[in-house]
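All values below were derived from every heavy atom in this structure, side-chain atoms included, with hydrogens, water molecules and symmetry-related copies excluded. Naming convention: chains lettered A, B, ... in sequence-line order (proteins, then strands); numbering from 1 in each chain.
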Amino acid sequence: MPEPVTASEQAKPPAAIPEEPKLSPAELKKKAKAEKQARRAVQKEQQGPPDTRPKGGQQKSQQPQQKQNKQASLDSKHHERPGSSQQSLPLRRRPSQSDATKEREQPKKGSKQVELFSHLYTQPRRHTIEGASKDIHPAVLALGFQMSSYEICGSSARCVAMLLAFKESIQAYTTPNNWALSRHLNSHYLSPQIDYLKSCRPISMSMGNAIRWLKNLIGKVDPNMPEQEAKDFLCGEIDRFVHERITISDQAIATTASAQIRKGAVLLTYGKSSIVEKTILQAYANGTEFRVVIVDARPLFEGKQLATSLMRAGIEVEYLPFSGITHAVKQASLVLLGAHAMLSNGRLQSRVGTASIALAAHEEHIPVIVCCESVKFSDRVTLDSIVMNEVAPSEELFLPARVEAHAENQASNQEISKGGDDANGGAVRSLRDWKDIAGLQILNLMYDVTPAEYIRMVICEYGSVPPSSVPVVHRLANEGM
Amino acid sequence: MPATTIPQTPSLSTYLKSLKHNDIETSIELFISLLKRRQIKNSRPCAIATTHLLLHVVAAERIRDASKLIQHVRDVGRRLVAAQPREMAVGNIVRRVLGVIREVAEEDQDAAGGTPLSPPTPLTPVPGETLQRPPLPTKMSEFSPLHGAAALPQDLLATAASSTQDWQSEDAAQRPLLPGSSTSYAGQPPSVTSLFSILQQPAGRSPFATPPTASQSPLIKPVPQTHDDEVKEKLDIKAEVINGIQELQDELDVVDTQIAESALDHIHSNEIILTHTSSQTVQRFLATAARKRKFTVVHAEAYPNDHEATHATIVNGGKKGSGEDEEGGDERWKPLTSMGITVILIPDSAVFALMSRINKVIMAPHTVLANGSLLAAAGAATIAQAAKHHRVPVVVLSGVYKLSPVYPFATDDLIEYGDPSKVVGFEEGEFMEKVDVVNPIYDWVDSELVDLYITNLGGCAPSFLYRIVADHYRVEDIDLSAK
């Protein structure tokens, strides 16, 4: 992006040369100053968010600058050249920041990133061990891949798996000489592990809470404690955390929530949440007669797993694609939703599509209940689903090869029957060619945010609370206040 | 089976080809079976096939009398509607054709200097008339005869029932109905028989795969002709009617273009527009706007029933990949992306997340009902609700041919359920066996969720649609099942 700008800057001044002699030295100084400011403004703009349509945006910003350029002297131009290169170069030269240059170059190639969400495309998900720090414990390495491939999926599951992996890695840790465990473990050992996990998939709210708790705990370890003892202490605490905050919490929530399922109820749920699954199974074990309607969506089809497990348990299950929401809501008497996180303004962040379910249920006056452990409560607030979200690889939205081949056959048949007279030469493309199609973007969001007014009740281990009480519970549970 | 005449998979194009060499009754039966097997589906193919079929029906008829023609077309229409009641475009087209015939007949009568034979459009609702409204069935499950139409504040059943007699009986009965006089109509047998036929129609007629071709429709009683003197005029009627039907065909051809003409009135630069499914109308509309303005399109894919076609439309542009629409010979048009438009494909689930940044939602309906509500591909209601929540205007693009004079009373019955294997494949035996997999094809969207309709006649509010309905369909024809 900088090239066209500097080129145009260089191109303009020669045209302005004839004007130059008229200017007095004082004026020259003034112009040079103005010029410098303009340059800075341009530079700033360049470093701003990447623009998908560089032409339109930049031409406009150059308009005022061109006027100044016309009157600019040759001297100022000489100043300008090294200046501009100086300002743009450092970004490229920093060897540690190869990612930064990559990011800067990405908008150039047809921009496959949706502009609204450009802040979410940090780096592509890691699927290889390549480039991972050698300090990273194998258990964490393995966990990273399991997360990036959705093998371990779901906020609580990821949190538990992470803590267990950390337990192993803490056991494998030895404090270097001259360091206290409490000083070294956090910043030099645990942080790279966390960064690695982040590079596999952005961490969830529950993981964040657990990490904060763990770091806090490590920081408080008595420096005089023998290393092995300290490590055992930490592992014991982690076990306790998992047990208290997740295992027991789940049981408590399932007990409370299953009491909400009355005889003859038609329970609507979306995707798959482990806590909802537990609730349903518990209600079924209690002998309640009810029916479950599961709505599911591309691309993860998590609801199918839930449907399978409920069906095997013997529960009557109805399964609908996302397009069948209205149909599902019509029969439902209760909506149970899982959570990725409960935000402090009472909004629910959960698998993308949850908000539509909650909205439809709200419109039909069906109670929407969220089951959520307090470890997923967060102090963050957000109004829309755009600022805080996760963008998954677009490739996940491709259809399975079998289906696509079929579609392609159909398409090519049609092409033949048409005589192939169109200009594209029968180049029937599929979605897999999306990188070659300029202007086509595929957006695969992970979460959306459900407004608090659609949520009737949040069931956590502290009891059933309205969404407005989320910050209170969060302070109680996660900040110990 | 007539299917032996078709070498390839039957579709709209093969059907239109077969029309040329099949006789009328075969064609009707073929169309009925194609409708039943969903080999012709969606509004536009249905509408096109219906116009072509009716054109042949009218052309083949050796008309003596307009009333007989009306009766015959009505009869054919009734069979078609019964074959696939949810494709309301079929019924709409039949009504339009009937309207054409009636209009031509009236003009003819006027020209012949005779007294106007039929009551000139008793459109004005008379308060007393509502008493005569026949009792509505509680459920619309056998809704094919379009019971809902009876809710129009008009004396349609009485008129429709007696209209056929009007053509032949003496002039005294032809006078416009007076509020008082209609009371006597209500007690007359015709309306009673019409109610019987409502229930009997779908079951009674359609199962016959091959009805006797010799006597074309045995149910029609040969009507004694009273106007047998003006043979020359009648031939003229036929030509006029065929002209009218051809006009209808032309309308179907240009409907997308006409709708697209108003694109620039509704899309401004830098808008973010959300659409759903692979509608030709919407694509054409957006493409027209794209020639002048740059905007962004967010395209929800309508999984699982239309996502493949949606992908194909986004990637390749032009016609749907389903092969349904290849007839008509119009050109493939380029995908929006090649016109410099950014197209963002999203799964349906992401609609709510994105809605806060969307400027407009543009949808294409399957059918528009007279009160401004509509049937559209499943998922549309969710999108419309999300749009309502975010106060995003919902614009519906619909040709007049999709406009049905039906008032929705039991919307559940309008929804069709499709192939569950599109959701979960049958190879997952255990799952399919134990889990109830449901795949609704349509969604009903209430009129209050829609902000604007754009038809080929221009834009209008949902509350105004009933007027367009009244302009396009003759009251007598609204209930096709009436004798």
Side-chain angles (χ1 to χ4, degrees), chain A residues 52 114-116 296-299 304 307-308 311 316-327 330 351-353 355-356 359-360 363 384-386 389 397 399 403-404 407 410-411 413-414 417-418 422 424 428-431 433-434 437-445 447-451, chain B residues 272 294 296 298 301-305 307-308 311-312 314-316 318-319 321-323 326 331-332 335-354 356-357 377-379 381-382 385-386 389 412 415 422-424 430-431 434-440 443-444:
Chain A
T52 41
V114 179
E115 204 182 339
L116 272 176
D296 205 1
R298 287 222 309 148
K304 215 158 149 188
T308 312
M311 146 197 112
E316 193 184 337
V317 180
E318 185 174 332
Y319 180 84
L320 291 121
F322 195 78
S323 56
I325 289 183
T326 34
H327 179 82
K330 249 177 225 156
R351 180 71 64 231
V352 64
S356 298
L359 167 60
E363 295 282 314
D384 55 30
S385 317
I386 293 174
N389 211 326
L397 281 177
L399 302 174
V403 181
E404 201 149 271
Q410 265 193 345
N413 282 345
Q414 192 191 337
S417 68
K418 288 198 158 202
D422 53 320
N424 282 346
V428 172
R429 295 179 290 187
S430 77
L431 209 57
D433 306 322
W434 71 295
I437 302 172
L440 175 59
Q441 299 170 341
I442 302 178
L443 180 64
N444 184 10
L445 283 180
Y447 304 111
D448 65 10
V449 172
T450 308
Chain B
I272 305 182
K294 294 290 163 247
T296 305
V298 177
E301 62 183 359
Y303 182 84
N305 293 310
H307 62 293
E308 284 167 26
H311 293 173
I314 292 174
V315 173
N316 296 313
K319 295 296 189 186
S322 57
E326 54 194 295
E331 78 288 1
R332 289 169 63 95
L336 286 172
T337 48
S338 70
M339 308 178 83
I341 300 296
T342 307
V343 179
I344 304 172
L345 176 71
I346 56 166
D348 304 325
S349 50
V351 165
F352 190 96
L354 280 166
S356 58
R357 296 298 176 276
T382 311
Q385 269 179 351
H389 171 78
D412 288 0
I415 309 294
K422 285 189 170 172
V423 185
V424 180
E430 191 195 0
F431 194 93
K434 293 189 180 166
V435 174
D436 191 6
V437 180
V438 182
N439 178 16
D443 254 359
W444 178 73

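- Annotation: the span from A:Ile325 atom CD1 to B:Thr382 atom OG1 amounts to 4.0 Å, rounded to 0.5 Å.
- In this structure, A:Pro451 and B:His389 have side chains that are in contact, with non-hydrogen atoms separated by less than 4.5 Å.
- Taken to the nearest 0.5 Å, the CG atom of A:Leu397 stands 11.5 Å off from the OH atom of B:Tyr303.
- Each of A:Asp448, A:Ile386, A:Thr308, A:Leu445 has some count of heavy-atom pairs under 4.5 Å with chain B, and the biggest count is that of A:Ile386.
- Considering only heavy-atom pairs separated by less than 4.5 Å from chain A, the leading option among B:Ile415, B:Ile344, B:Asp348 is B:Ile344.
- Contact of A:Leu320 with chain B is made through backbone and side chain together, with heavy-atom distances under 4.5 Å.
- With a 4.5 angstrom heavy-atom cutoff, B:Ile314 touches chain A only via side-chain atoms.
- When heavy atoms are compared at a cutoff of 4.5 Å, A:Ala297 approaches chain B solely by way of its side chain, counted from C-beta outward.
- If you tally non-hydrogen atom pairs under 4.5 Å between each of A:Pro321, A:Ser385, A:Gly353 and chain B, the highest count goes to A:Pro321.
- In this structure, chain A has a heavy atom under 4.5 Å from the side chain of B:Glu301, while its backbone stays farther away.
- Heavy-atom pairs under 4.5 Å with chain A were tallied for B:Val437, B:Asn439, B:Val423, B:Thr337; the largest tally goes to B:Thr337.
- In this structure, the side chains of A:Gln441 and B:Val343 stay at 4.5 Å or more apart for every pair of heavy atoms.
- A heavy-atom distance below 4.5 Å is found between the side chains of B:Leu354 and A:Leu443.
- Side-chain contact check for B:Pro304 versus A:Ser323: some heavy-atom pair is nearer than 4.5 Å.
- A:Leu440 contributes atom CG, which lies 11.5 Å from atom OG of B:Ser338 (distance to the nearest 0.5 angstrom).
- Only the side chain of A:Lys330 comes within contact range of chain B, judged by heavy atoms closer than 4.5 Å.
- By number of non-hydrogen pairs under 4.5 angstrom with chain A, the leading residue of B:Asp412, B:Val351, B:Asn305 is B:Asp412.
- Between atom CG of residue B:Asp443 and atom OG1 of residue A:Thr326 there is a gap of 3.5 Å, rounded to the nearest 0.5 Å.
- The line from CD of A:Glu115 to OG1 of B:Thr296 is 8.0 Å long, rounded to the nearest 0.5 Å.
- Residues B:Val435 and A:Glu318 form no side-chain contact, since every pair of their non-hydrogen atoms from C-beta on lies 4.5 Å or further apart.
- Within the 4.5 Å cutoff, side-chain heavy atoms of B:Phe352 are placed close to those of A:Leu359.
- For A:Asp384 and B:Arg357, the salt-bridge test passes: some basic side-chain N is under 4.0 Å from an acidic carboxylate O.
- Considering only heavy-atom pairs separated by less than 4.5 Å from chain A, the leading option among B:Ala386, B:Ala353, B:Gly379 is B:Ala353.
- Taking the side chain as every heavy atom from C-beta outward, A:Tyr319 and B:Val424 approach each other to under 4.5 Å.
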- Query: Going through the checks in order, is the side chain to side chain contact (heavy atoms under 4.5 Å, CB included) test met by B:Val315 and A:Trp434?
  - Reply: CA-CA 8 Å; B:Val315 173; A:Trp434 71 295; over 6 Å; no
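- Distance check, rounded to the nearest 0.5 Å: CD1 of A:Ile442 to NE2 of B:His311 gives 7.5 Å.
- Considering only heavy atoms from C-beta on, B:Lys434 stays 4.5 Å or farther from A:Val317 through its side chain.
- The two residues B:Pro440 and A:His327 come nearest to each other via the heavy atoms CG-CB, 3.9 Å.
- Ranked by heavy-atom pairs under 4.5 Å with chain B, the list A:Ala355, A:Gly324, A:Pro299 is led by A:Ala355.
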